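Accompanying notes for the structure given below.
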Protein chains: 2
Amino acid sequence: MSTPGRGLHGHVLDTLGPEITAGEYPPGSVLRTDELAQRFDVSRSVMREAVRVLESMYLVESRRRVGVTVRPKSEWNVYDPQVIRWRLAGADRPRQLRSLTVLRSAIEPVAAGLAARHATSEQCAELTECALGMVAHSRGHKLEGYLLHDVAFHRVILEASGNEMFARLGDVVAEVLTGRTQHDVMFEDPDPAAVTLHVQVAEAVRAGDAARAEELTREITVGALQELDILAP
Amino acid sequence: MSTPGRGLHGHVLDTLGPEITAGEYPPGSVLRTDELAQRFDVSRSVMREAVRVLESMYLVESRRRVGVTVRPKSEWNVYDPQVIRWRLAGADRPRQLRSLTVLRSAIEPVAAGLAARHATSEQCAELTECALGMVAHSRGHKLEGYLLHDVAFHRVILEASGNEMFARLGDVVAEVLTGRTQHDVMFEDPDPAAVTLHVQVAEAVRAGDAARAEELTREITVGALQELDILAP
DNA sequence: GGTGACAAAAAGTCAGACTTATTCATCACG
DNA sequence: CGTGATGAATAAGTCTGACTTTTTGTCACC
């Protein structure tokens with residue numbers, strides 16, 4: 001995924017971004033453009049472009065006569081897909097995963113409710129197809145296939161909500177679900193109850209039952225929270 | 001409060017960003033770096049830095065031999081504070097305001113519930129202070145003072161949730177609330193019921209009653225939705 | 001009609017010189 | 001002593017021009 005190697009400045013970012021988001025430079029640390037350019041063996045122009053990008057992510061601030069200072073974590077643009085990916089690849093991956101899962105638990109039920117109101121018939125069909133795909137891959141260690149349909153399912157829900165802010169979280173959810181399968185929990189077949197819930201959500205959306213779609217999705221996200229030992233109220 | 005005039009490339013962005021987010025260039029439009037540099041009377045280096053930033057916001061894509069092509073709206077990083085500001089300042093401000101208010105309605109109740117569990121005593125004190133400030137400015141056309149405390153209130157809630165993703169939405173909520181007061185609805189004193197709800201939320205958080213804090217906040221956000229004629233389920 | 005070579009176009013890269021704002025230290029003055 | 005002005009050092013900011021690389025479109029040729 002991502003967009004690696006789109007030029008020299010991209011390569012610089014692929015190294016420097018993870019370093020910063022991993023907290024290797026404490027807030028207030030000062031980097032010098034010239035030194036960085038030397039370190040990465042690129043020209044100052046290229047280095048400057050990379051710094052501009054980091055600046056637009058609120059990871060650093062460039063000031064005359066001072067240098068490039070690292071901003072405190074609390075100011076980072078944590079919704080930037082690139083930042084999310086860097087952090088998921090780094091040391092505070094568990095923390096990031098928890099934050100994102102809580103975010104999901106807030107967004108997805110509401111999105112499902114809206115989807116029940118706004119989904120087109122094509123989207124309903126896609127949803128059903130995804131749910132059936134999940135069922136088909138729910139037994140016998142077909143985790144890759146299951147994941148594929150799971151991701152697609154949640155993507156469709158978010159898009160069908162008709163809210164662009166929700167729709168853009170599709171990538172984030174995909175990242176979380178993928179990470180969960182690849183690294184963390186879920187060593188064996190998925191929880192049958194979760195699979196059933198997805199099927200029921202698809203039904204509720206098709207039926208236009210917003211309240212039911214919302215509640216069922218809430219149950220799904222509560223399950224996700226519990227997997228990470230995050231207590232549900 | 002943005003960060004205007006942080007260099008020539010910033011000035012370019014202040015013009016070009018709003019143009020793109022306003023949809024002046026349809027998706028797939030091609031811009032040339034050299035022409036843009038001429039238009040803004042800056043060097044190519046400066047123009048390239050600006051393009052890099054636009055690229056990191058997924059507004060454009062720069063490809064060799066082709067030029068800088070504008071991406072479809074569906075790919076924009078709509079969570080970038082800069083993009084949000086540009087769009088709020090532009091033509092589809094109403095649409096943006098609706099999206100963000102729906103987002104609020106999903107996030108803030110959950111955040112309030114978490115705040116009831118995690119808020120420090122200092123945060124509880126701040127919250128009460130904000131709520132009282134709202135009460136004090138709720139009558140007699142003191143909209144500026146009311147807004148100030150309202151913004152602070154929601155900021156504290158989001159921060160007290162302990163979730164960094166929620167915390168970073170403080171600026172967005174501030175933007176929405178400010179916009180609402182300055183341009184749109186709310187010509188006279190705020191709804192007394194809303195004021196009361198804020199006080200009650202502060203109480204619930206202090207008491208550690210997560211369910212009550214969540215439900216009361218949900219009522220607040222439902223009110224915000226209704227102000228924009230967005231039907232509540 | 002498909003295939004491959006060639007040429008044009010635009011972004012990408014680099015090096016070097018110059019400008020400008022900011023900070024810090026020094027020093028004179030109250 | 002403090003305090004404020006002065007000036008020098010510093011690192012980012014900017015510009016220019018030359019060169020490279022990749023991609024694409026075209027055109028001849030099979």
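What's counted below: heavy atoms across the whole structure, side chains too, no hydrogens, waters or symmetry copies. In this text the structure is predicted, and so the values were computed from the model without any measurement. By convention in this document, chain letters (A, B, ...) are assigned in the order of the sequence lines, proteins followed by strands, and residues within each chain are numbered from 1.
- In this structure, the nucleotide among D:dA9, D:dT16, C:dT13 sitting nearest to the side chain of A:Arg65 is D:dA9.
- The six-membered or imidazole ring of A:His198 lies near that of A:His154, with a centre-to-centre distance under 6.0 Å.
- Just one of A:Arg39, A:Glu24, A:His11 meets the side-chain contact (heavy atoms from CB on, under 4.5 Å) condition when paired with A:Leu16; it is A:Arg39.
- Between B:Glu49 atom CD and C:dG12 atom P the separation is 13 Å, expressed in whole Å.
- With contacts defined as side-chain heavy-atom distances shorter than 4.5 Å, the pair B:Leu31/B:Glu35 does not qualify.
- In this structure, CZ of A:Arg32 is placed 7 Å from P of D:dA12, rounded to the nearest angstrom.
- The CE atom of A:Met47 sits 15 Å away from the P atom of C:dA15 (whole-angstrom rounding).
- Of the candidates C:dA11, C:dT23, D:dT14, D:dT14 carries the atom nearest the B:Ser43 side chain, counting heavy atoms from C-beta on.
- When the C1' atom of D:dT16 is taken as reference, atom CG of B:Asp41 falls 14 Å away, rounded to whole Å.
- B:Glu35 places its CD atom 12 Å from the C1' atom of C:dA9, with the value rounded to the nearest Å.
- One interatomic measurement links the two molecules: CZ of A:Arg52 to P of D:dA12, which rounds to 11 Å at whole-angstrom precision.
- Under the 4.5 Å side-chain criterion, counting only non-hydrogen atoms from C-beta, B:Val172 is not in contact with B:Pro81.
- Annotation: of the two residues near DNA chain D, A:Ser62 and B:Val46, the 5′-most nearest-nucleotide partner is A:Ser62.
- Using a 4.0 Å cut-off, some side-chain N or O of B:Arg48 falls inside it from OP1 or OP2 of C:dG12.
- One can find a donor-acceptor pair under 3.5 Å joining the base of D:dT21 and the side-chain atoms of B:Arg64.
- Between B:Thr221 and B:Ser105 the shortest heavy-atom distance is CB-CA, 3.6 Å.
- Side chain A:Arg44 to base D:dT14: a donor-acceptor pair is found below 3.5 Å.
- Look at CG on A:Leu31: it is 10 Å from P on D:dA12, rounded to the nearest Å.
- In this structure, the CG atom of B:Leu54 is 15 Å from the C1' atom of C:dA11, given to the nearest Å.
- In this structure, B:Ser45 reaches the bases: a heavy-atom distance under 4.0 Å links it to at least one base atom across the strands shown.
- Ranked by how close their nearest DNA chain C nucleotide is to the 5' end, B:Arg63 and A:Val42 are led by B:Arg63.
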